Every structure is written in structure tokens, then in C-alpha cells.
There are 2 protein chains.
Amino acid sequence: MKPTKTYRTPDGLPVDIAIFTIRSRTKPGNYKTLADRRLNVLLVRRSRSSEAYPGYWALPGGFSDENETLLEAAYRELKEETNVDREVRIEQIKTVYYPGRDPRGWMPSVVYAALVKEEYLLNLAADTDADEVALFDIEEALGMKLAFDHNDLLKDALAFVRAQMMTTTIAKEFLPDEFTIRELYQVIRTVVPGFEEDIANFKRNLLATKTRQGLIEEARGEDGKPMTTDRNSNRPAQLYRFSGYEPRISIYNSGMF
Amino acid sequence: MKPTKTYRTPDGLPVDIAIFTIRSRTKPGNYKTLADRRLNVLLVRRSRSSEAYPGYWALPGGFSDENETLLEAAYRELKEETNVDREVRIEQIKTVYYPGRDPRGWMPSVVYAALVKEEYLLNLAADTDADEVALFDIEEALGMKLAFDHNDLLKDALAFVRAQMMTTTIAKEFLPDEFTIRELYQVIRTVVPGFEEDIANFKRNLLATKTRQGLIEEARGEDGKPMTTDRNSNRPAQLYRFSGYEPRISIYNSGMF
DNA sequence: AAAATAGTGTCTATAAGACATTATAGA
DNA sequence: TCTATAATGTCTTATAGACACTATTTT
């Protein structure tokens, strides 16, 4: 029941944001080869001793104010930390509070995850203020002792992104509009290492069949000719794009519903 | 960036909860027949003119305090509204805030959904306080003008429950441990009307096959004999239970991963 | 030729979907 | 005999999964 009470207006709701990106590193070698991809997360460090966890790395965050939505606050955070101002997918993960989660007192947190293309983060260091900002391999970040309960929050955000990776087409947030089968495959595996498939079958499963819409389709130029790329190999590879079909899957019928 | 500021501690975070149940109504007639099932949601009405929306129906809600978790607050709400104190599945849906959502000022809300078995709600009226409490057919509730933005919150909670219904075994929250195929089918259809399958194929898809684990399995008594019920029909029907297998589905391979 | 990725082809078991039919029990 | 649900059976066809093989381009 909503008790009758007089409200003291709080200053704003804390918002923390796990900013994920996939970094590609081209392997050295005499031949063109597939880049290494690693899932990274952006962390910040505040050294001021006025902070509760001085010197600890933490998820970036701040206070939403009463003149903005929570999502707007998340975008503002993203902008402040990375100077990224473009169309970026941001998902609300969860809201947490439990007694003692912040030594300063009553402090809930609304956690968001942002999925950012690597290219958008090129000028990362340049655009942030005096605080330290860096990208970490996700495994490394999970192994660090982060400020507050940010290890838990990061774990939750990661689980969310993993689940989304398998059930939606967020893979596109980490890929250019046109991509090769192996790039897509690699992005999925980067986020969900357990995923493993025969590439040939993988591809066949994604293209349209007689009874099923395709998740992806061949990219064709204006002339109607198939588009290819040789960025990953000497032999040019067909480019694909997502078809726009977003299947809704179900455990109760093996098809879509 | 977390600004350095002094915190005024808020009173607590508002929590609203959409309490869903499926009500069965046995159809009159000379022969035993499948009960009608309807998805219902619990709403409350506060008439005090001190309220912001006096006389409007609303999702039950209240303030979490700094000595409890948000989930505990949701369970407390559930208990206060329905006197249900048992194992009930509660899911956090989302947290909302935008300027102007509450005329009284800065007022976010953490929204939960609870899935409650009908039997638990038998003594509903008896156990609540002076405020009006009632169950509404979901369609009816969506058609009403609810207090605040509760129409939106309800819609979100419903969408969440529908998605979960198709991708997890929450159907069990609305069923006894042992159920017939048609009961399960009916529960799913009650929540997701678009779902439609040939019952024979539906059943075959849920049982184990040579290459796939079963979602459900035949219920057998201690003597090893198949358990049946005649609650829906004159001819006894086989009872089933969920096997405990929770498939994780993916759009990238038609099997599970 | 070597290296690396790209792409094709084929075979088989299986299960999905459509549909028809039979069974059971009580009124 | 009627009503309602329960249960079984069958046929066809697509396709998932396994695996082997060929192709292309640059160094």
C-alpha cells in the first residue's frame, strides 16, 4: 500500500552503465588473416580520496536528474565518458538496492548496458576529463576487484548481453552494415564462447529456406552484383546484411511463432 | 561522471507490482469440459482525495525502505495486497522515470511482475485493508484509464510475461505440478493468444525425442503407473510434469545451444 | 607451392507439419 | 447414443548435422 506521507525529493537516481565494445586486433603474419576479436568493457577510475572507493576501477555512472529520463541519463553518461553521440543501443539491465551496498548510505542504482562499435571509441582518451578511463578485456575486468558491487553489476550486464546475443540481432551493433559470415560468427563467439558450429551449416541456417525467412541476405550493390570484401583474406568473401527479420523464438514449437 | 556532491537520502524507491493470475471458470453444461482460463491482473483503488489520482484503479505499489532490498519490497507488497506468502515467482520488469510522470514531483518507479496461482488468491478480499482490491481480465484492465502511467507499466509487464511464457517454463507458475497437455496448452494460449498448434504435434514437440531432451515427461506414481486425471473430461487423461530441462534457445542454430 | 579463408556438395536420420482416425468414459 | 476430450497413427518433405571436398587470391 502506498502510505500517506510527505515526500522528500531525492537528488536523482544513480545510473551506472556498462559500455561494451568488441576490439579487433589484426594478427601479424605474412598472409591476411581474420582479426582477433575481444569483448571489452569500459571502466573509469577516480582517485580523489573523497570517493568511497578511491583508486578502484568502476563502471561509469552518475546521477539522473529530475529533468531527464533514465535513458537520457544513460546516454549522457555515454557521451561524457566516450564522447559517443551516435545511434547506440542501450539496454536497461536491472535496478539494484540492498542495505549496505554503498557506505555513504541509501544508494540504489539503475544499470544499463551500451553496445558500441569500436570505431566510435577511437578518440577515447582525448575526450574524457582528468579521471582515468580504459577498456579492459571482459575476463580481466571480471577478475579485478571493482568499486562497490560493480563486479556483480558487470556480471549481470554481461549475462544480459550474452542472452541477447543468442536471441536477438544485437550482433549488428558490433558489425558494419555489410559483413562476412565469419565476422558474424566471430562476433557471436566473442560474446558467447560456448557457441560453436560448423561454418557451412551455420551459414545455411541463417539464409532463407523454403519454409523459413532468412536472418541475413546477400549484400548486392546498385548494379545488382554481389558485394565482396577481401579485408579478412586474400580470396574475396561475399558480404551479407541482416534482412530485418527478427524471429521470435519459443521453447514450445521448434519453429518461430 | 559521478559529481562530488552531498547526498540527501531519499525516503525510498517506489515499487509497483503487476500481480498476474490465471482464473479458471468451469463452463456450465451436462458434460465435463475444459475450464475457461483468463489472464487476470490485480488492481487497487484508493478513494482518498489526498491521492494524486483519487478513484482511479492502479497497480499496487509502495515505497521500499533502506532496510530491505527492492525484491523484498515487492514481496511485501504482494503479501499486503493478497496475503500470499508462498513461493511465488517475481520478476523485475523495468525502472521508469521521466519528467512529469507524477504530479507530486520526482517519482521513479521500479516495476515488478508476480505470477500467482489462482488457489493462493482465494481469500483475497478478506485479507486486504479498506482499499478496494479486485482482479480484472487483462483486456479489460488495458482498456481502463489507470492512475499515473500504469497503463504503460501494465503493458510492459504483460509483454514481459508473454515473452517469458514462450521462452521459459513460467507456465508452471500457473499450473499444478502435474497437469495435462491441454491444460498446459491452454495456459500458454491464455497468456499468448497468438500461439496456436495442432495438439498432437504440440505434445510430440514437448516430449523427448532421439536427439532432444523433453520439456515435459509423463507423471508416474510411486508404483510406476502413469498418473491420470479426469478433472477436464470423462475420459481420464495422462498427467505430465516439467522435466526440469530449461532449454536455452537461439536464433542462430535451430537446436538449443 | 604454401597459406589462409571462402565456398560447394552430398548423404542420412529425424522430426515437423498436416491430417485422419480411433478410444474412453459418463450422462 | 451423444458429447467432449484423449490419444494414436501415417505420410511427406524439409532440413539439421556431419563431413569431405574444391576454389581463390596473395606471398
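Numbers restart at 1 for each chain; the letters A, B, ... are given by sequence-line order, proteins then strands. Atom set for the values below is all heavy atoms of this structure, side chains included, hydrogens, waters and symmetry mates excluded. On a predicted model such as this, the values are computed, not experimentally measured, just so you know.
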Between [N] and [X], is there an OP1 or OP2 to side-chain N/O distance shorter than 4.0 Å?
{"X": "B:K32", "N": "D:dA4", "value": "no"}
{"X": "A:R212", "N": "C:dA16", "value": "no"}
{"X": "B:T211", "N": "D:dA16", "value": "no"}
{"X": "A:T33", "N": "C:dT5", "value": "yes"}

Rounded to the nearest angstrom, tell me the gap between atom [atom1] in [X] and atom [atom2] in [N].
{"X": "B:Q186", "N": "D:dA4", "atom1": "CD", "atom2": "C1'", "value": "14 Å"}
{"X": "A:N253", "N": "C:dA15", "atom1": "CG", "atom2": "P", "value": "16 Å"}
{"X": "B:K210", "N": "C:dA16", "atom1": "NZ", "atom2": "P", "value": "13 Å"}
{"X": "B:L206", "N": "C:dG17", "atom1": "CG", "atom2": "C1'", "value": "15 Å"}
{"X": "B:F202", "N": "C:dA18", "atom1": "CZ", "atom2": "P", "value": "15 Å"}
{"X": "A:I199", "N": "C:dG9", "atom1": "CD1", "atom2": "C1'", "value": "17 Å"}
{"X": "A:K203", "N": "D:dA16", "atom1": "NZ", "atom2": "P", "value": "15 Å"}
{"X": "A:Y31", "N": "C:dT5", "atom1": "OH", "atom2": "C1'", "value": "13 Å"}

For A:Q238 and A:R220, does a side-chain donor sit closer than 3.5 Å to a side-chain acceptor? no
Taking any heavy-atom pair under 4.0 Å as a contact, classify A:L34: base, sugar-phosphate, or nothing. sugar-phosphate
Just call it for A:D198: base, sugar-phosphate, or nothing, with non-hydrogen atoms closer than 4.0 Å on any strand. base
Close side-chain approach of A:L39 to A:E139, heavy-atom, < 4.5 Å: no
Side chains of A:I188 and A:F202: closer than 4.5 Å at any heavy-atom pair? yes
Using heavy-atom distances to pick each residue's nearest nucleotide on DNA chain D, tell me which of A:R204 and B:K27 is more 5'. B:K27
Would the base of C:dA18 count as contacting B:N201 through its side chain, where contact means a donor and an acceptor less than 3.5 Å apart? yes
Only counting residues at least two apart or in another chain, list the ones meeting side-chain hydrogen bond (donor to acceptor under 3.5 Å, both in side chains) with B:R204. B:N201
Within residues 220-238 of chain A, which residues have any heavy atom lying less than 4.0 Å from an atom of DNA chain D? A:N234, A:R235, A:P236
Searching all strands shown, indicate the nucleotide that pairs with D:dA20 (Watson-Crick or G-U wobble; both distances under 3.5 Å). C:dT8
What I want to find out is whether A:E118 reaches A:R23 closely enough, with some N-O distance under 4.0 Å, to be called a salt bridge. no
Please confirm whether A:F242 and A:F179 have ring centers closer than 6.0 angstrom. yes
With the side chain of B:A200 defined as its heavy atoms from C-beta on, choose the nearest nucleotide among C:dC19, D:dT27, D:dA4. C:dC19
Assign each of B:T209 and B:N30 the nucleotide of DNA chain C bearing its closest heavy atom; nearer the 5' end lies the nucleotide of B:T209
Dump the intermediate steps for salt bridge (charged side-chain N to carboxylate O under 4.0 Å, His left out) on A:D230 and A:K32, then the final yes or no. CA-CA 9 Å; A:D230 64 352; A:K32 268 195 199 168; 3.5 Å; yes
Do any N or O atoms from the side chain of A:Y112 and from the backbone of A:A157 form a donor-acceptor pair under 3.5 angstrom? no
